[in-house]
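Worksheet: one structure, shown below.
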Amino acid sequence: MALAGRRDGPLMLRGGGGGGKPLSRGSRIAVAVAVGIGLGCVCAFLYPDGLFRPSASALQWSRHTLRSYRDDQNNFFLVDSTACESSGRVTNLKSQLASLERKNAEMRRQINELSMKLQLAGQGKDETLYKPGPFGTVKALRTNPTVMPDESVNPRLAKILEEVAVKKELIVALANSNVREMLEVWFTNIKRVGIPNFLVVALDDNIESFCKSKGVPVYRRDPDEGIDNIAKTGGNHAVSGLKDSDVESMSDGHNNMTAYGFNDVFDEPSMGWARYAHTMRIWVYNSGFFYIRPTIPSIELLDRVAYRLSHEKAWDQAVFNEELFFPSHPGYEGLHASRRTMDIYLFMNSKVLFKTVRKDAQLKKLKPVIVHLNYHPDKLDRMKAVIEFYVNGKQDALQRFPDGSE
């Protein structure tokens, strides 16, 4: 059979060669329904996804009109994407972003801590822990990892440190009765500027009682025959050898060159063409004031200095610098520690003050963190003058003193 239609005539049903006659109205309706069903079946078979497929962007919009989110309490909720610009949604997104940033910072901290532990565990082993980056970006570690304290070694000291230290840092002074008056000047001015985290290590009973009477945090170490013998009778040089030590120290240098290092040329005429030998020089670190960190190199430095001072008659400052600076060479392994020199005008020795600063109108305006009276024997008198100058504003307080000692 074949279906045909005319614009101006009724629908006809034709056979192979016979004639036809017009269909009735009801028959035409039935035929139309049958034709529609047939066409629908054909289209469904040929186009299972439909005749008009939506675009990819439309599908994406439709699928993401409702999206699920998880808040900080792990609660799920649905959000209409068309309302994401609302102030409430923006606020929520900002809150989530801040939370992720905090978590990211904590993860970075943990990564750094684990890296330090890995480095510490690998000390002394032939291991490659890091890969170098692109040219010009490679930097060595500037600090060694800190070590965890063992409070069981000295519970009494650990308790004091917990009460006094701020962020695990504090200023420590060692003193015996020979320096009682200078000690009082020291802690009086520390209190005046509002520094709470300081501690006096008393080397005899009188200093311990004196500090307690003044409300000064004090620690009296347990008896030790070798150390106590130095503590009770030793002068300034001997006593300073009992301090802990680190690799950031004030310098005995009196200008940028002597404090931070310079190229010094040694002239030996007998060598002819090679008469000039270049050397690197730096003035020694002062063992009277330095900053220590709880690291393996600084603990090793402590052990080396303590051992030498207990086995040979030596000046603690010389031993301190020799162990810190001497390089490894045949028969000797040097200390693997980084070093830093403090600013000579902020951490000022008395040579800088009396020879240079007090005579310079601009340098006199600087306010140092500390002044160490290491170059002059009349320490107490000059200490009081320094306080008059920097604290009480007496401009001529330093003038009566000579540059050096008389």
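Just so it is clear, the structure is predicted and the values come from calculations on it, not from any experiment.
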- [ ] Please assess Phe289 against Asn374 for the test side-chain contact (heavy atoms from CB on, under 4.5 Å), listing each intermediate value before the final yes or no.
- [x] CA-CA 10 Å; Phe289 188 87; Asn374 59 319; over 6 Å; no
Task: Closest approach of Pro155 to Ser152 (non-hydrogen atoms, all atoms of both residues) - done: CD-O, 3.6 Å
TODO: Keeping the roles fixed (side chain from Arg304, backbone from Glu300), state whether a donor-acceptor pair exists under 3.5 Å.
DONE: no
Open item on the list: If I compare all heavy atoms of Gly334 with all of Ser328, which pair ends up nearest, and what's the gap?
Closed with: N-OG, 2.8 Å
Open item on the list: Tell me whether the NZ or CZ atom of Arg382 lies within the 45° cone about the ring axis of Phe354 and under 6.0 Å from its centre.
Closed with: yes
Open item on the list: Has Ser209 got a side-chain atom pairing as donor or acceptor with Asp205's backbone, closer than 3.5 angstrom?
Closed with: yes
- [ ] May I have the step-by-step check of side-chain hydrogen bond (donor to acceptor under 3.5 Å, both in side chains) for Asp403 and Tyr375, ending in yes or no?
- [x] CA-CA 10 Å; Asp403 287 355; Tyr375 270 99; over 6 Å; no
TODO: Using atom types as modelled and distance alone, determine if a side-chain donor or acceptor of Arg340 lies under 3.5 Å from a backbone N or O of Glu248.
DONE: no
Open item on the list: Tell me whether Glu208 contacts the main-chain N or O of Ala202 through its side chain, where contact means a donor paired with an acceptor under 3.5 Å.
Closed with: no
TODO: May I ask you to check whether His278 and Asn263 show a side-chain donor-acceptor distance below 3.5 Å?
DONE: yes
Task: Minimum side-chain heavy-atom gap Thr258-Asn255 below 4.5 Å - done: yes
Open item on the list: Please check: side-chain N/O of Ser310 versus main-chain N/O of Ala306, any donor-acceptor pairing under 3.5 Å?
Closed with: yes
Open item on the list: Between Lys355 and Asp360, does any side-chain N to carboxylate O distance fall below 4.0 Å?
Closed with: no
Task: Beyond-backbone contact of Val218 with Lys212, side-chain heavy atoms, under 4.5 angstrom - done: yes
Open item on the list: Can you tell whether the side chains of Lys214 and Glu184 come within less than 4.0 Å, N to carboxylate O?
Closed with: yes
Task: Check: Ser298 side chain, Arg293 main-chain N or O, donor-acceptor pair, under 3.5 Å - done: yes
Task: side-chain contact (heavy atoms from CB on, under 4.5 Å) partners for Leu183, two or more places apart - done: Ala175, Trp186, Phe187, Val200, Ile207, Cys211
Task: Minimal non-hydrogen separation, Pro196 against Val164, with atom names - done: O-CG1, 4.1 Å
Open item on the list: How about CE on Met271, more than 12 heavy atoms from neighbouring residues, nucleotides or ligands closer than 6.0 Å, or not?
Closed with: no
Task: Residue that, paired with Met383, satisfies side-chain contact (heavy atoms from CB on, under 4.5 Å) out of Leu373, Val371, Asp378, Asn189 - done: Leu373
TODO: Using distance alone, with no hydrogens and no angle criterion, decide if Glu169 and Tyr291 have a side-chain donor and acceptor under 3.5 Å apart.
DONE: yes
Open item on the list: Looking only at side-chain N and O atoms, does Ser350 offer a donor or acceptor that is under 3.5 Å from a partner on His376?
Closed with: yes
Open item on the list: Please find the pair of heavy atoms, one from Leu346 and one from Lys367, that lie closest to each other, and give the distance.
Closed with: CD2-O, 4.2 Å
Open item on the list: Taking Val185's backbone N and O only, do any of them form a donor-acceptor pair with Thr188's side chain (distance below 3.5 Å, no angle check)?
Closed with: no
Open item on the list: Does Lys168 have more than 12 heavy atoms from other residues, nucleotides or ligands lying within 6.0 Å of its NZ?
Closed with: no
Task: Nearest atoms (heavy-atom pairs only) where Met250 meets Met342 - done: N-SD, 3.6 Å
Open item on the list: Salt bridge or not between Lys384 and Glu181? Use side-chain N to carboxylate O under 4.0 Å.
Closed with: yes
Open item on the list: Using side-chain heavy atoms (C-beta onward) and a distance below 4.5 Å, is Pro368 in contact with Tyr390?
Closed with: yes
Open item on the list: Just so I know, are the side chains of Leu199 and Ile171 near enough to count as touching, which here means a heavy-atom distance under 4.5 Å?
Closed with: no
TODO: Taking all heavy atoms of Gln317 and all of Ser287, pick out the closest pair and write down the distance.
DONE: OE1-N, 3.1 Å
Open item on the list: Could you check whether any side-chain heavy atom of Gln399 comes within less than 4.5 Å of a side-chain heavy atom of Phe401, counting everything from C-beta outward?
Closed with: no
TODO: Quickly, which of Asn321, Asn349, Asn286 forms a side chain to side chain donor-acceptor pair (under 3.5 Å) with Asp252? Name it, please.
DONE: Asn286
Task: Salt bridge present between Glu388 and Lys394 (N-O < 4.0 angstrom) - done: no
Open item on the list: Tell me whether Ser251 contacts the main-chain N or O of Thr341 through its side chain, where contact means a donor paired with an acceptor under 3.5 Å.
Closed with: no
TODO: Name all residues meeting the side-chain contact (heavy atoms from CB on, under 4.5 Å) criterion together with Gln395; count only those two or more places apart in sequence or in a different chain, and write none if there are none.
DONE: Lys364, Phe389
Open item on the list: In the structure I gave you, are the side-chain heavy atoms of Leu335 and Glu323 within less than 4.5 Å of one another anywhere?
Closed with: no
Open item on the list: Just so I know, are the side chains of Val357 and Leu366 near enough to count as touching, which here means a heavy-atom distance under 4.5 Å?
Closed with: no
Task: Glu312 CD: over 12 foreign heavy atoms closer than 6.0 Å - done: yes
TODO: Would you check if Tyr219 and Leu157 make a side-chain contact, meaning some heavy-atom pair closer than 4.5 Å?
DONE: yes
- [ ] Report the residue from Phe325, Phe347, Phe290 that forms a ring pair (Phe, Tyr, Trp, His ring centres under 6.0 Å) with Tyr285.
- [x] Phe325
TODO: Indicate yes or no: does Lys159 engage Glu151 in a salt bridge with an N to O separation below 4.0 Å.
DONE: no
Task: Pair Val284-Phe320, side-chain contact (heavy atoms from CB on, under 4.5 Å): steps then yes or no - done: CA-CA 9 Å; Val284 296; Phe320 174 80; over 6 Å; no
Task: Asp204 side chain to Ser177 backbone, donor-acceptor under 3.5 Å - done: yes
